[in-house]
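This report concerns only the one structure given below.
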Amino acid sequence: MNRFKQPSTWAGIAGLAQVLATFLPPQYSWIAHAITAGAGSAAVGLNEQSAL
């Protein structure tokens, strides 16, 4: 669960959502774009934590 606190995880989720958007019908691709926007915003807003 600690991985969800790292920005790189959220950036990866945003990337996967963009790939998914290319396979969805146009009327549903907005969902993947919304996930991309949210995950990208989380990646920007979170601080990088060092693993101890």
Side-chain angles (χ1 to χ4, degrees):
M1 291 306 293
N2 286 335
R3 293 211 187 254
F4 284 108
K5 297 177 184 176
Q6 296 179 2
S8 57
T9 301
W10 290 103
I13 291 171
L16 288 174
Q18 278 304 114
V19 170
L20 178 65
T22 62
F23 295 106
L24 292 175
Q27 66 265 29
Y28 298 118
S29 66
W30 68 270
I31 297 169
H33 294 298
I35 292 170
T36 299
S41 297
V44 170
L46 291 173
N47 291 329
E48 191 70 44
Q49 298 175 359
S50 61
L52 295 176

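Note: hydrogens, waters and symmetry copies are ignored here, and every other heavy atom, side chains too, is used.
- The heavy-atom pair separating Gly40 from Ala14 by the smallest distance is N-CB, 4.1 Å.
- Leu16 and Leu24 are members of different hydrophobic clusters when ILVMFWY side chains are connected at heavy-atom separations under 4.5 Å.
- Looking at every heavy atom in both residues, Ala32 comes nearest to Ala17 through CB-O, 3.4 Å.
- Nearest heavy atoms, Gln18 versus Thr36: OE1-OG1, 3.0 Å.
- The shortest heavy-atom contact between Ser29 and Ala21 is CB-O, 4.0 Å.
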